[in-house]
A.B. asks: 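Structure in structure tokens, see below.
This one's a predicted model, so the numbers in the text were calculated from it and none came from an experiment. Naming: A, B, ... by sequence-line order, numbering from 1 per chain.
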2 protein chains.
Amino acid sequence: MTAEVISAELLAVVVAMVGDEPCVLTLGDPTPRLPAGPLLPGHRSLQAATRRWVEEQTGRRLGYLEQLYTFADLDRDGSPTRTISISYLGLTTPNADMGYGAWRGWYSLLPWEDTRTTSRVLTAQITPQIRAWADQQPSLASGRRQRCAITFGLDGNPWQPDLVLQRYELLYEAGLVPESPSDWRSPDDELAPGDRMVGDHRRVLATGLARLRAKIQYRPVVFELMAPEFTLGQLQDCVEALAGRAVHTQNFRRLIEQQALVEDTGQVHAETGGRPARLYRFRREVLQERHAAGTKLPTTRSR
Amino acid sequence: MTAEVISAELLAVVVAMVGDEPCVLTLGDPTPRLPAGPLLPGHRSLQAATRRWVEEQTGRRLGYLEQLYTFADLDRDGSPTRTISISYLGLTTPNADMGYGAWRGWYSLLPWEDTRTTSRVLTAQITPQIRAWADQQPSLASGRRQRCAITFGLDGNPWQPDLVLQRYELLYEAGLVPESPSDWRSPDDELAPGDRMVGDHRRVLATGLARLRAKIQYRPVVFELMAPEFTLGQLQDCVEALAGRAVHTQNFRRLIEQQALVEDTGQVHAETGGRPARLYRFRREVLQERHAAGTKLPTTRSR
DNA sequence: CCACTTATGCTCCGACGTAGCATAAGTGGT
DNA sequence: ACCACTTATGCTACGTCGGAGCATAAGTGG
């Protein structure tokens, strides 16, 4: 009984803020895909291999890189040798050269994840569809209804930003994303909005988003996405874009300052048509100093 | 340029409470190792493969199972084909048949992780050694000292239960665990206490412990380790054993009750030589109901 | 009946998150 | 110069929750 012959593939979810929008690095034109590549004999470690592939395919170096999850389902394609996919989450800034890849907005791929504006027109489109799915099989309805309510924050349940993966999986099961085996849905049914990706890459993206949203709450990783100097307003915009949710400005500032995560540069930034904002710099020391609590999200119900 | 030929191996950290002690399922006699096995063509998924191997090698079924981390370092052994190790964390109860494996106490493998008693004789033995290591190279001393202080809670820093992996890695780097390439330490030096394990299995164990300690704080997973019915005292003992730390009794009860994690069975348990305790049962519904906050640890400084 | 143990109830306090009010300091238009 | 508007920043009131201590209940073993 010898071990199965398999090959390993590295998958990268590389995130950066482009303007005000959080984006992912993608390749491929008709249908986008994540940068990926096989593990080769020359690679020293999985992380190093991921770095090399991203660099080679997109021409950019990565800073922060963290392992996400390892998949190895049989049904990924019909090939005889099984492929194991090890996914990573990387964070960068987009200022450098563009390379070959394209930055694609998170919320064009997962539109229902953006709840910053009260609009939620997206959810208003999705809600009835998942409700219909829930009631489809009477025997499962009660469980499904509850699951919808929790993952999508219906019926008085709070909307939880980091349930990204659970939401994607529910939509997948409900046949509402084009990646689903759509056997059981008639082709004229309207699907949930959002561009599809190759294979299960959108699910991997959702995994990355979920991890990032969870992580900014207890570790100061937002700063990996910021320019060296920034205003508190920009920082807040970034956090809000990542969390897909508005935060209470004053409390956010207090939180950042009281934790001494940043230091004043003494300079100001005045290009917003309002009172000029102080420029701050991340105190990199905190990464050593403490196993620090990162950006808590002061929730706000208004707005 | 074809993909490297590799094999994949599953590694399991299976945890259960045996009496009052948290234990890991191990195999092998002179030096313990974790249950493990290669990924075979018949396996449907990584998780299923792990289940099968644990079952086959130890004769026990697993309930809760969660992916931990994937390793693939070149130096794991000298073989030409690379091995990728995918590690999992499993939780069970030990009441069933013992199978072939042996339950080994966490704290016999990682003694410095138990800070329930103020004894800390262990730490009192380790502290001077890591201090010596920190001061060994003057150029690195300041950074190393701070790292020791944070990971081991010295110099007024709080002791953080979930830094298990960081502590193990520090001891490894300092050459204080027998798994270290001990080149640079003279053989008569006294090492940190704790039984060694095969290969890097002890590091994997540390990873599992870290994950579990972190997880019980925000997800109700403790109950996977409890008998169907239990007293709040037993639950607290379990949490304390896992966290390696004492918690404030009254606050712990308040926390559990206010979250409605358990329900009264109406029965009592009177074998402790004190006032009989009510017996409770985990409300499995909460797993559905909410993405619930699990056992927060009401820290206690006294005791 | 007493000493001891475990279980359980209740209260006080301080930290922090939530929220609203108020002010400062720019821009662009009249 | 003045005004409307925008963004930045400061401060205070309030409620919730975690941290800690005091007190009581209800068993066991001498």
Side-chain angles (χ1 to χ4, degrees), chain A residues 20 158-161 216-218 229-240 243 245-280 292-303, chain B residues 20 116 118 158-161 216-218 229-240 243 245-280 292-303:
Chain A
D20 285 344
W159 200 80
Q160 304 188 55
I216 53 171
Q217 294 182 62
Y218 59 95
E229 302 194 346
F230 49 84
T231 69
L232 291 183
Q234 291 168 344
L235 184 63
Q236 181 180 349
D237 288 343
C238 178
V239 169
E240 288 186 335
R245 163 192 216 168
V247 305
H248 185 107
T249 308
Q250 297 89 333
N251 296 338
F252 176 76
R253 316 175 112 268
R254 180 178 54 182
L255 221 58
I256 298 292
E257 277 165 353
Q258 93 186 359
Q259 290 185 116
L261 290 175
V262 297
E263 62 189 358
D264 198 330
T265 63
Q267 303 190 310
V268 291
H269 171 91
E271 296 177 19
T272 54
R275 172 172 171 177
R278 288 176 134 92
L279 276 172
Y280 291 89
T295 335
K296 293 261 178 52
L297 301 183
T299 59
T300 190
R301 321 219 187 285
S302 54
R303 184 166 156 182
Chain B
D20 285 344
R116 278 173 292 180
T118 340
W159 200 80
Q160 303 186 55
I216 53 172
Q217 294 182 63
Y218 60 94
E229 302 194 345
F230 48 84
T231 70
L232 292 183
Q234 291 168 344
L235 184 62
Q236 181 180 349
D237 287 344
C238 178
V239 169
E240 288 186 334
R245 163 193 215 168
V247 305
H248 184 106
T249 308
Q250 297 89 329
N251 295 339
F252 177 77
R253 317 176 111 266
R254 179 177 55 182
L255 222 56
I256 298 291
E257 277 165 354
Q258 93 186 0
Q259 291 186 115
L261 291 174
V262 297
E263 61 189 0
D264 198 331
T265 64
Q267 302 191 311
V268 291
H269 173 90
E271 296 180 18
T272 52
R275 170 172 171 176
R278 291 176 133 93
L279 276 171
Y280 291 89
T295 334
K296 294 261 178 53
L297 299 184
T299 57
T300 192
R301 323 220 187 283
S302 53
R303 181 167 157 181

A.B. asks: Can you run down the salt bridge (charged side-chain N to carboxylate O under 4.0 Å, His left out) pairs that involve residues 229-238 of chain A, sequence neighbours left out, and say none if there aren't any?
C.D. replies: E229(A)-R281(A)
A.B. asks: Answer whether the closest heavy-atom distance between the side chains of V268(A) and L279(A) falls below 4.5 Å.
C.D. replies: no
A.B. asks: Specify the closest pair of heavy atoms between H269(A) and T231(A), including all atoms of both residues, with the distance to one decimal.
C.D. replies: CB-CG2, 3.7 Å
A.B. asks: Let me know the distance between CD of Q234(A) and C1' of dA8(D), rounded to the nearest Å.
C.D. replies: 12 Å
A.B. asks: Please give, in whole Å, the distance from dA7(C) P to F230(B) CZ?
C.D. replies: 14 Å
A.B. asks: Run the side chain to side chain donor-acceptor pair (under 3.5 Å) test against Q250(A) and tell me which residues pass, sequence neighbours left out.
C.D. replies: H248(A)
A.B. asks: Find the distance L255(A):CG to dT18(C):C1' and express it as a whole number of Å.
C.D. replies: 12 Å
A.B. asks: Could you check how far CZ of F252(B) sits from C1' of dT6(C), rounded to whole Å?
C.D. replies: 15 Å
A.B. asks: Going by salt bridge (charged side-chain N to carboxylate O under 4.0 Å, His left out), name the residues that satisfy it together with D20(A), two or more places apart in sequence or in a different chain.
C.D. replies: none
A.B. asks: Taking the side chain as C-beta and beyond, is there a heavy-atom pair between I256(B) and R253(B) under 4.5 Å?
C.D. replies: no
A.B. asks: Dot-bracket, 5' to 3', for DNA chain D please: Watson-Crick or G-U pairs under 3.5 Å, [ ] where pairs cross earlier ones, | where the partner sits on another strand, dots elsewhere.
C.D. replies: ||||||||||||||||||||||||||||||
A.B. asks: Can you sort out the partners of R278(B) under side chain to side chain contact (heavy atoms under 4.5 Å, CB included), two or more places apart, ordered by chain and number?
C.D. replies: D264(B), Y280(B)
A.B. asks: Just how far, in rounded Å, is C1' of dG9(C) from CD1 of I256(B)?
C.D. replies: 17 Å
A.B. asks: Using a cut-off of 4.0 Å between protein heavy atoms and nucleotide atoms, how would you tag nucleotides 9-15 of chain D 5' to 3' with B, S and -?
C.D. replies: BBB----
A.B. asks: From CZ of R245(B) over to C1' of dG18(D), roughly how many Å is that when rounded to an integer?
C.D. replies: 13 Å
A.B. asks: In whole angstroms, how far is the C1' atom of dA15(C) from the CD atom of Q258(A)?
C.D. replies: 9 Å
A.B. asks: Go through the structure and list residues passing salt bridge (charged side-chain N to carboxylate O under 4.0 Å, His left out) with E257(A), not counting sequence neighbours.
C.D. replies: none
